[in-house]
Amino acid sequence: MEVVQLQGRFIDFISSLFREGFLDDQFTQLQQLQDESNPEFVMEVVSLFFEDSERLLNELTSTLEQQIVDFKKVDAHVHQLKGSSASIGAQRVKNVCVAFRSFCEAGDREGCLRCLQQVKHEYSLVKNKLETVFKLEQQIVQAGGSIP
């Protein structure tokens, strides 16, 4: 595929992520920090987000499976997930975390479990979308083009 076509697909795909609320302006700010001296910056930051999120989601799952749920611990994990998702612009994950925290404050186990499933779903979606972004970037560079 030609570089121009790949760049067009990239622009359209990124635009759809903003339009559909997967990403917000924080992701744009993250992209602006990337330059020739650190061309992998966004991918590195997002990869750390993936690692951190998966650890937090596993911890949330095990904490909510306990007979007696420590809602302060659940809230601390959700707060961390909210912060890291906000820092990369993963808007839909962040938004679910806001609702999740209100269920933690209320000590509502069922509400927390529903939010856990929802946040896992949104995380999985944004992870797949961002992996596609990185694949498109790689294809553009391999074809001799620059990332628009």
Side-chain angles (χ1 to χ4, degrees), residues 1-66 69 71 73-104 109-148:
M1 193 176 287
E2 273 186 49
V3 172
V4 174
Q5 289 174 307
L6 286 168
Q7 289 169 326
R9 279 184 50 205
F10 177 82
I11 291 168
D12 290 346
F13 189 71
I14 288 281
S15 296
S16 75
L17 296 182
F18 283 94
R19 208 174 37 255
E20 295 168 22
F22 285 103
L23 300 176
D24 62 22
D25 290 338
Q26 186 62 36
F27 187 77
T28 305
Q29 291 176 11
L30 198 60
Q31 287 177 309
Q32 290 169 351
L33 295 173
Q34 183 166 292
D35 58 21
E36 297 82 31
S37 67
N38 196 354
E40 307 280 311
F41 179 74
V42 174
M43 191 181 332
E44 289 169 6
V45 171
V46 170
S47 293
L48 290 172
F49 165 72
F50 291 160
E51 289 171 25
D52 194 44
S53 296
E54 286 170 25
R55 177 187 57 79
L56 288 168
L57 290 170
N58 288 334
E59 289 177 14
L60 281 165
T61 301
S62 70
T63 304
L64 285 168
E65 287 173 348
Q66 300 301 311
V69 175
F71 287 103
K73 187 175 180 183
V74 173
D75 187 56
H77 292 322
V78 175
H79 182 69
Q80 260 189 293
L81 184 59
K82 179 181 163 234
S84 61
S85 58
S87 73
I88 68 144
Q91 182 175 314
R92 285 168 47 164
V93 173
K94 178 191 75 178
N95 290 345
V96 175
C97 288
V98 171
F100 201 152
R101 291 195 72 198
S102 67
F103 286 111
C104 290
R109 181 187 202 136
E110 290 307 311
C112 285
L113 288 168
R114 282 192 307 274
C115 282
L116 177 60
Q117 292 312 308
Q118 194 176 358
V119 82
K120 283 180 176 181
H121 176 71
E122 290 298 340
Y123 167 74
S124 177
L125 289 174
V126 80
K127 182 179 183 191
N128 288 333
K129 303 278 186 189
L130 288 169
E131 286 172 342
T132 299
V133 167
F134 298 137
K135 284 177 191 160
L136 283 169
E137 285 179 348
Q138 195 175 36
Q139 289 173 349
I140 291 168
V141 170
Q142 286 174 346
S146 61
I147 310 302

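Along the sequence shown, residues are numbered consecutively beginning with 1.
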Would you mind reporting whether [Y] and [X] have side-chain heavy atoms less than 4.5 Å apart?
{"X": "Pro148", "Y": "Ile140", "value": "yes"}
{"X": "Tyr123", "Y": "Leu81", "value": "no"}
{"X": "Phe100", "Y": "Asp75", "value": "no"}
{"X": "Ser146", "Y": "Gln7", "value": "yes"}
{"X": "Leu33", "Y": "Asn38", "value": "no"}
{"X": "Phe134", "Y": "Val46", "value": "yes"}

[X]: side-chain contact (heavy atoms from CB on, under 4.5 Å) partners, not counting sequence neighbours:
{"X": "Val98", "value": "Lys82"}
{"X": "Pro39", "value": "none"}
{"X": "Lys73", "value": "Thr63, Asp70, His77"}
{"X": "Thr132", "value": "Phe13, Leu136"}

Report task. Could you note down all residue pairs passing salt bridge (Lys or Arg N to Asp or Glu O under 4.0 Å) where residues 35-53 supplies at least one of them, sequence neighbours left out? Result ->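 Every salt bridge (Lys or Arg N to Asp or Glu O under 4.0 Å) pair that includes a residue of residues 35-53, provided the two are not neighbours, is Asp52-Arg55.
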Requested in this report: Go through the steps to decide whether Phe41 and Leu30 satisfy the test side chain to side chain contact (heavy atoms under 4.5 Å, CB included), and finish with yes or no.
Outcome: CA-CA 8 Å; Phe41 179 74; Leu30 198 60; 3.7 Å; yes
Query raised in the report: Do you know the tightest heavy-atom contact between Phe49 and Ser85?
Result: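 Closest pair (atom of Phe49, atom of Ser85, distance): CE1-CA, 3.5 Å.
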Report task. For Glu122, check salt bridge (Lys or Arg N to Asp or Glu O under 4.0 Å) against everything at least two apart and list the hits. Result ->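 Residues passing salt bridge (Lys or Arg N to Asp or Glu O under 4.0 Å) with Glu122: Arg92.
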I'd like a table of donor-acceptor pairs (distance under 3.5 Å, sequence neighbours excluded) in which one partner is a side-chain atom from residues 18-27, with atom names and distances.
residue, atom, partner, partner atom, Å
Asp24, OD1, Gln26, N, 3.0
Gln26, NE2, Ser87, O, 3.4

Rounded distance [0.5 Å steps], [atom1] in [X] versus [atom2] in [Y]:
{"X": "Leu17", "Y": "Leu125", "atom1": "CG", "atom2": "CG", "answer": "10.5 Å"}
{"X": "Leu56", "Y": "Ser84", "atom1": "CG", "atom2": "OG", "answer": "6.0 Å"}
{"X": "Leu60", "Y": "Gln80", "atom1": "CG", "atom2": "CD", "answer": "9.5 Å"}

Table please: side-chain donor-acceptor pairs of residues 111-121 below 3.5 Å, with sequence neighbours left out.
residue, atom, partner, partner atom, Å
Lys120, NZ, Thr61, OG1, 3.0

Query raised in the report: With sequence neighbours excluded, what pairs up with Lys127 under the side chain to side chain donor-acceptor pair (under 3.5 Å) test?
Result: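 Applying side chain to side chain donor-acceptor pair (under 3.5 Å) to Lys127 gives Glu54.
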Report task. Using the test side chain to side chain donor-acceptor pair (under 3.5 Å), find all partners of Asn95 that sit at least two apart in sequence or belong to another chain. Result ->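 Side chain to side chain donor-acceptor pair (under 3.5 Å) check on Asn95 returns nothing, list empty.
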Requested in this report: Answer yes or no: is there a donor N or O on one side and an acceptor on the other, between the side chain of Arg109 and the main chain of Val69, under 3.5 Å?
Outcome: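 Absent.
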**Report entry** Any donor-acceptor N/O pair, Gln34 side chain to Gln31 backbone, under 3.5 Å
**Finding:**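 No, Gln34 side chain to Gln31 backbone: no donor-acceptor pair under 3.5 Å.
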